[in-house]
Amino acid sequence: MLIQLNSKPLADFDDPIGVLEDCHRRIEGFLEQLITVTDMTDETGTLTEPAALTMIGALRYFKNAAPKHVLDEEETLFPRLRASGDPRVKETFTQIERLEAEHARTDELHASVDATMRSWMDTGVLAAADLAELRRQLEELREIYTAHIKVEEQHVFTLARDVIGADEQLEMGREMQARRRIGIDTTRPLSALVTEVPARARVFDELGLGYCCSGTTSLEDACTEKGLELADVVRKLTAAGAGSAATRDWSDSSVPEIVDYIVTTHHAKLREVLPHAMFLASTVARVHGARKEGVVEAHLSFAKTATVLEQRTDTLEQDVFPKLVELPSDEAARAELLESLDRMVQAQDSVNAGFVQLHEILDDFIVPEGACTKHRTMLATYERMEADLQACAQIENDVLFPRVREQLTSS
Ligand SMILES: [Fe+2]
Ligand SMILES: [Fe+2]
């Protein structure tokens, strides 16, 4: 069963409160899955295979990903709200304290639900009294979350969007991202970043950032000192790490050349890798779904992302790119093309969010103990695919689309 986050694209970490709201949709969805498992069970307490598969994914989420949401609130959001000094925040202090107390209670309930369900999976049967208690605990979780999420979204988050400045919200996003070990940790020293990925040295050289003797400065501080935009530097480093041509100087390349490069390099690679990645995801889910946490859920999540990716690639090649090579002269067609570019960026954001979700489900692609070759290959494939997609997106977002937008709006 897929978790429907609603039809809007998922928020990225530049909108940390949006990310928190998306997490709420996952919490609600996965909790409903656990409740469905108990609903699917008859009075004998026998666990069916579909119920077990549903349960594994949901338990995995509550054990590994949901606690990060609590930390996002308790360590990243609430302290900033409390420190804001805004008089309206003072009125919510009691609400925030209650939210923290509820986090403690939901932690207890999840621990108990987890223990019961895992032992149920081991034995295949649950005694009637235990099943009744499990249902009661899940019902309590549902009640708490319903009220809790309402208070957070209608009061606390709304206020946070108002009183926490734009720069600080970006900082919150970076903290939350680092908590999930996604992307480049901007608080690390330059020397450590180069040791990790030597190709980053070229980017630092180009930008005049010293990574040898003075390399103990963090990336954030180094950017501030040099007046560089941190987000731009991170993008360049990501592309360098991907070993791509994204850091190449495209200024002398024409739009048809850039389009041709994307199609023959990145799209060709994607078309080759995607079916194999789907095959690996489904095989690992089918063979190891009952034992290895996350693989069924990862398969479903990746299938959704793969669909968006395929549609986006087809639309670019069949509809958007031909128009970029020969820009339409008609006003309405030009306006339509600008809208198409926005839709392509949104689709890319959805793909990025899909990979964020995959990172959450699969422990940042760290190979688990006892993983078979297919499982290892699947994780390595996701990692390579993500790096290549980021490199391709960088060429589109930094070079191709801005150039076309400028041509469309200036003539
Ligand atoms: Fe909360
Ligand atoms: Fe929350």
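All ligand and atom numbering here is 1-based and tracks the order in the structure. Computed from a prediction, not measured in an experiment: that's the story for all the values here.
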Test salt bridge (charged side-chain N to carboxylate O under 4.0 Å, His left out) applied to Glu336 and Arg343, step by step | CA-CA 11 Å; Glu336 205 180 296; Arg343 279 197 296 276; over 6 Å; no
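- Between the Fe ion (ligand 2) and Cys23 there is no N/O/S contact shorter than 2.8 Å.
- Aromatic rings of His267 and Tyr261 (six-membered ring for Trp) have centroids beyond the 6.0 Å cut-off, not under it.
- Protein nitrogen, oxygen and sulfur atoms, that is N, O or S, within less than 2.8 Å of the Fe ion (ligand 1) amount to 4.
- Using modelled atom types, no side-chain atom of Thr92 and backbone atom of Gln95 make a donor-acceptor pair closer than 3.5 Å.
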Quick one: do Glu21 and Arg161 satisfy salt bridge (charged side-chain N to carboxylate O under 4.0 Å, His left out)? Show the steps, please.
-> CA-CA 12 Å; Glu21 286 168 342; Arg161 278 201 162 99; 3.3 Å; yes
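- In this structure a side-chain-to-backbone donor-acceptor pair under 3.5 Å is missing from Ser301 to Glu297.
- Residues that satisfy the side-chain contact (heavy atoms from CB on, under 4.5 Å) test with Ala277, not counting sequence neighbours, are Phe302, Thr381, Met385.
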